[in-house]
Number of protein chains: 2
Amino acid sequence: MQQDNNNQLEVNERAQHFLKVLIERYIREGQPVGSRTLAKDAGMDLSPATIRNVMSDLEELGLVNSPHTSAGRVPTSSGYRIFVDSLLTIKPLELVEIGQLESQLKTIADPRNLVESASTMLSSMTHMAGVVLMPRHSTIAYRQIEFLPLSGNRVLTILITSEGEVHNKIIETQSGFSPSQLEQAANFLNSQYSGKPLDSIRRLLIGDMEDTQKQMNDLMADAISIANKVFDDSDSSHGDYVLAGQTNLMDFDELSNIENLRTLFDTFAEKSQILHLLDKAMNAEGVQIFIGEESGYDTLGNCSVVTAPYELDNEVAGVLGVIGPTRMAYERVIPIVDITAKLLGSALKHQ
Amino acid sequence: MQQDNNNQLEVNERAQHFLKVLIERYIREGQPVGSRTLAKDAGMDLSPATIRNVMSDLEELGLVNSPHTSAGRVPTSSGYRIFVDSLLTIKPLELVEIGQLESQLKTIADPRNLVESASTMLSSMTHMAGVVLMPRHSTIAYRQIEFLPLSGNRVLTILITSEGEVHNKIIETQSGFSPSQLEQAANFLNSQYSGKPLDSIRRLLIGDMEDTQKQMNDLMADAISIANKVFDDSDSSHGDYVLAGQTNLMDFDELSNIENLRTLFDTFAEKSQILHLLDKAMNAEGVQIFIGEESGYDTLGNCSVVTAPYELDNEVAGVLGVIGPTRMAYERVIPIVDITAKLLGSALKHQ
DNA sequence: AATCAGCACTCTGAGAAGTAGAGTGCCAAT
DNA sequence: ATTGGCACTCTACTTCTCAGAGTGCTGATT
């Protein structure tokens with residue numbers, strides 16, 4: 001009845017159990033698992049021959065794979081998928097451990113440092129690479145701007161957000177401004193926009209630009225034109241992430257051929273792809289797992305990425321996770337990522 | 001007469017010539033150089049047997065080395081040393097190339113971006129890793145400080161230097177301050193210290209602390225105690241560097257065993273050792289070359305580091321360089337490092 | 001005294017061949 | 001449905017051989 005059913009879900013319970021045991025074993029040992037071994041591990045008192053039949057079925061379903069005729073079986077991406085989705089037994093972290101992590105983060109005031117610590121924590125606990133997207137949430141607001149004249153027509157602009165983040169940028173203005181002009185412009189902008197959500201500023205500026213043109217107030221026009229430059233891509237600082245422990249990845253045999261490694265590290269340095277991936281993960285609820293090519297980036301060939309969004313004021317502010325070989329101890333990594341996300345969220349909050 | 005002279009300098013001219021040709025060949029091909037090959041390359045119409053005698057001498061002096069009995073010779077660190085010190089013929093860069101580089105840097109206003117571009121330039125031109133120490137010079141002065149209250153007793157401090165660099169830091173004060181108190185404190189500090197060299201501020205603060213204690217002015221005392229926290233290790237932002245193209249190093253066979261690579265990359269991530277090395281290089285005049293273990297860090301095992309300090313207002317502001325395998329094309333790398341240092345200096349200046 | 005041809009010697013690296021071990025797939029028996 | 005048995009396959013390791021490259025030394029030549 002089930003023998004030539006295409007539906008992937010048609011994996012009977014016993015086969016699932018074998019798949020589970022096989023993957024657990026493979027994750028532990030890193031070697032293809034043969035029928036004899038599996039027969040013992042599964043603890044169901046079946047002969048290797050029987051196991052072989054089941055394995056054959058699993059292979060047909062694309063859940064396991066044989067590197068060559070006379071090797072054991074190795075899970076495929078789909079196999080891992082089913083494993084993490086429905087077979088995995090997660091073992092929660094010890095309370096003591098959580099306490100330790102929490103107290104580590106508690107002492108840190110600066111958001112940047114917090115993020116870096118979280119990343120390091122992830123990498124050192126999992127022995128893989130940790131990654132944390134810089135926090136950003138929609139309640140973030142414009143607080144204050146400062147202009148300082150530099151030589152020529154260059155102006156140093158400093159933008160401070162309601163969260164106490166500081167962004168600075170040097171812009172080139174069309175004409176020179178005196179210090180007092182700049183101060184007035186800043187005052188105008190501060191009175192006008194302070195408290196407004198940051199992501200709406202650009203829109204407001206464009207609207208106000210038209211209005212002021214009618215009123216022909218030079219000062220305001222200048223102020224807005226400068227502000228425009230500031231907000232031009234001031235968001236570029238958002239969308240950054242902190243990576244830690246990438247060298248840990250060199251220790252895994254399955255990644256440790258130079259070519260793989262090079263493209264992998266280049267991907268990290270490039271940032272855009274990782275950012276994209278993290279962005280996807282940000283909108284998901286809770287822990288998410290990308291296995292191998294599932295991520296959509298072949299440079300992450302035999303890597304998995306385990307992520308979890310972290311919240312701040314009951315709103316998703318960012319996402320963090322670890323990157324490691326597909327063959328990782330998910331049952332341990334998942335709770336680590338999960339708890340770190342929660343701890344980072346609350347550590348960021350209590351400021 | 002010269003046969004058992006211990007003095008390393010006692011390498012006769014012909015032997016030096018052979019050493020030069022050997023190293024040039026080895027740098028090009030990456031293979032141990034044998035006597036036959038060298039006989040042809042040297043262009044002196046000598047038989048391999050003669051060459052062998054000379055090689056034997058060079059080996060005794062520790063300038064070349066044989067991987068095994070029947071391989072050719074390979075230069076040692078000392079060999080490279082002599083090579084770069086006195087045998088190297090540097091070929092200057094094309095004027096066109098320099099122009100291109102210059103125009104690339106000219107367009108960039110922000111010092112941080114400039115440094116990053118310089119680093120990328122170095123790495124992409126040499127196909128090795130580029131590194132640039134963030135600029136800092138003694139003429140840098142305190143310009144302005146701002147305090148912004150955050151929740152609790154936490155205060156966001158923003159320090160602006162005369163060069164338009166912005167440093168921000170969150171500090172925790174002993175007691176809460178009102179915004180107006182903070183503003184007054186900032187005003188006091190700005191009136192007091194603006195224009196003073198940054199590296200003298202700490203000393204001034206300590207001196208003033210005693211004075212104010214006598215006068216018992218609360219405001220000033222508060223201001224100074226806050227400022228003390230700001231300057232506590234605000235310098236930590238100094239002493240950072242920007243690294244680019246580290247993955248380039250994966251392409252060199254001589255480095256491409258995973259273990260080497262891992263320790264090397266860890267060294268980069270650690271930063272302290274590289275900083276130390278760059279610090280040494282900063283005080284040197286012009287291009288400096290560290291070959292292999294000479295650097296004093298065995299993690300840089302078979303790497304060389306070529307550095308040059310760059311100036312700003314006729315004063316050394318930082319140092320930049322490239323890191324690559326000992327077997328690198330020095331005659332090309334040296335002028336690249338040299339010219340990049342000069343270009344970066346002038347690009348930083350005209351702000 | 002410097003140079004060189006000749007020769008014996010050494011070491012590497014690549015290929016060939018053989019072998020033990022692990023594991024499979026299939027078939028016939030239970 | 002499960003299983004023991006068996007032929008078959010593939011890998012990984014070892015051993016062996018051999019050509020090639022290069023050296024060091026010696027004794028002859030200039």
Side-chain angles (χ1 to χ4, degrees), chain A residues 1-5 10-19 21-22 25-26 29-76 253-254 257, chain B residues 1-5 10-19 21-22 25-26 29-76 253-254 257:
Chain A
M1 13 177 153
Q2 75 267 47
Q3 59 188 352
D4 50 350
N5 190 328
E10 194 63 54
V11 189
N12 70 54
E13 214 160 300
R14 199 182 60 173
Q16 285 200 1
H17 174 69
F18 287 139
L19 181 61
V21 176
L22 182 144
R25 171 99 194 185
Y26 180 67
E29 310 281 342
Q31 297 292 327
V33 183
S35 53
R36 228 178 309 261
T37 322
L38 196 49
K40 280 179 211 146
D41 268 29
M44 287 182 69
D45 218 25
L46 287 172
S47 81
T50 313
I51 305 281
R52 282 205 282 278
N53 292 327
V54 182
M55 301 290 270
S56 201
D57 296 350
L58 288 176
E59 181 148 20
E60 222 167 321
L61 291 169
L63 304 180
V64 297
N65 217 329
S66 213
H68 58 85
T69 341
S70 92
R73 298 306 210 293
V74 159
T76 63
D253 323 4
E254 53 261 66
N257 83 65
Chain B
M1 17 181 148
Q2 76 265 50
Q3 62 186 349
D4 51 349
N5 191 329
E10 195 61 57
V11 189
N12 70 53
E13 213 160 304
R14 198 182 61 171
Q16 284 200 1
H17 174 69
F18 288 139
L19 181 61
V21 176
L22 182 145
R25 172 99 193 185
Y26 179 68
E29 311 281 342
Q31 298 291 329
V33 184
S35 53
R36 227 176 310 260
T37 322
L38 196 50
K40 281 179 209 147
D41 268 31
M44 287 182 67
D45 218 24
L46 287 172
S47 83
T50 313
I51 305 280
R52 283 203 281 278
N53 292 327
V54 181
M55 301 292 268
S56 201
D57 295 350
L58 288 177
E59 181 149 18
E60 221 168 324
L61 291 170
L63 304 180
V64 297
N65 217 330
S66 212
H68 59 86
T69 341
S70 91
R73 298 308 210 292
V74 159
T76 64
D253 324 5
E254 54 261 66
N257 83 67

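Chain identifiers are assigned alphabetically (A, B, ...) following the order of the sequence lines, protein sequences preceding nucleic acid strands; residue numbering begins at 1 within each chain.
Here Ser56(A) does not reach the OP1 or OP2 of dT24(C): none of its side-chain N or O atoms lies under 4.0 Å away. For Arg73(A) and dG25(C), the shortest distance from a side-chain N or O to OP1 or OP2 is below 4.0 Å. Between Ser66(B) and dT23(D) there is no side-chain N or O to OP1 or OP2 distance below 4.0 Å. Taking side-chain N and O atoms only, Arg36(A) has no distance below 4.0 Å to OP1 or OP2 of dG21(C). Between dT3(D) and Thr50(A), a contact under 4.0 Å exists linking OP1 or OP2 to a side-chain N or O. Contact annotation: Arg14(A) reaches the phosphate of dT2(D) (side-chain N/O to OP1 or OP2, under 4.0 Å).
When heavy atoms are screened at a 4.0 angstrom cut-off, Ala71(A) is found touching the sugar-phosphate backbone but no base atom. Within the nucleic acid shown, Thr69(B) comes within 4.0 Å of sugar-phosphate atoms alone, with no base atom in reach, counting heavy atoms only.
Looking only at side-chain heavy atoms (C-beta outward), Phe18(A) and Leu46(A) come within less than 4.5 Å of each other. Proximity of Thr37(B) to Glu29(B): side-chain heavy atoms (C-beta onward) are nowhere separated by under 4.5 Å.
The side chain of His68(A) lies closest to dT11(D), out of dA5(C), dC26(C), dT11(D). Taking the side chain of Thr37(B) as heavy atoms from C-beta on, and the options dG22(D), dC10(D), dA5(C), the nearest nucleotide is dG22(D).
Ser66(A) places no side-chain N or O within donor-acceptor distance of the main-chain N or O of Arg73(A), the cut-off being under 3.5 Å.
Atom CG of Asp45(A) has 12 or fewer heavy atoms from other residues, nucleotides or ligands within 6.0 Å.
For Ser47(B) against dC4(C), no side-chain N or O and base N or O form a donor-acceptor pair under 3.5 Å.
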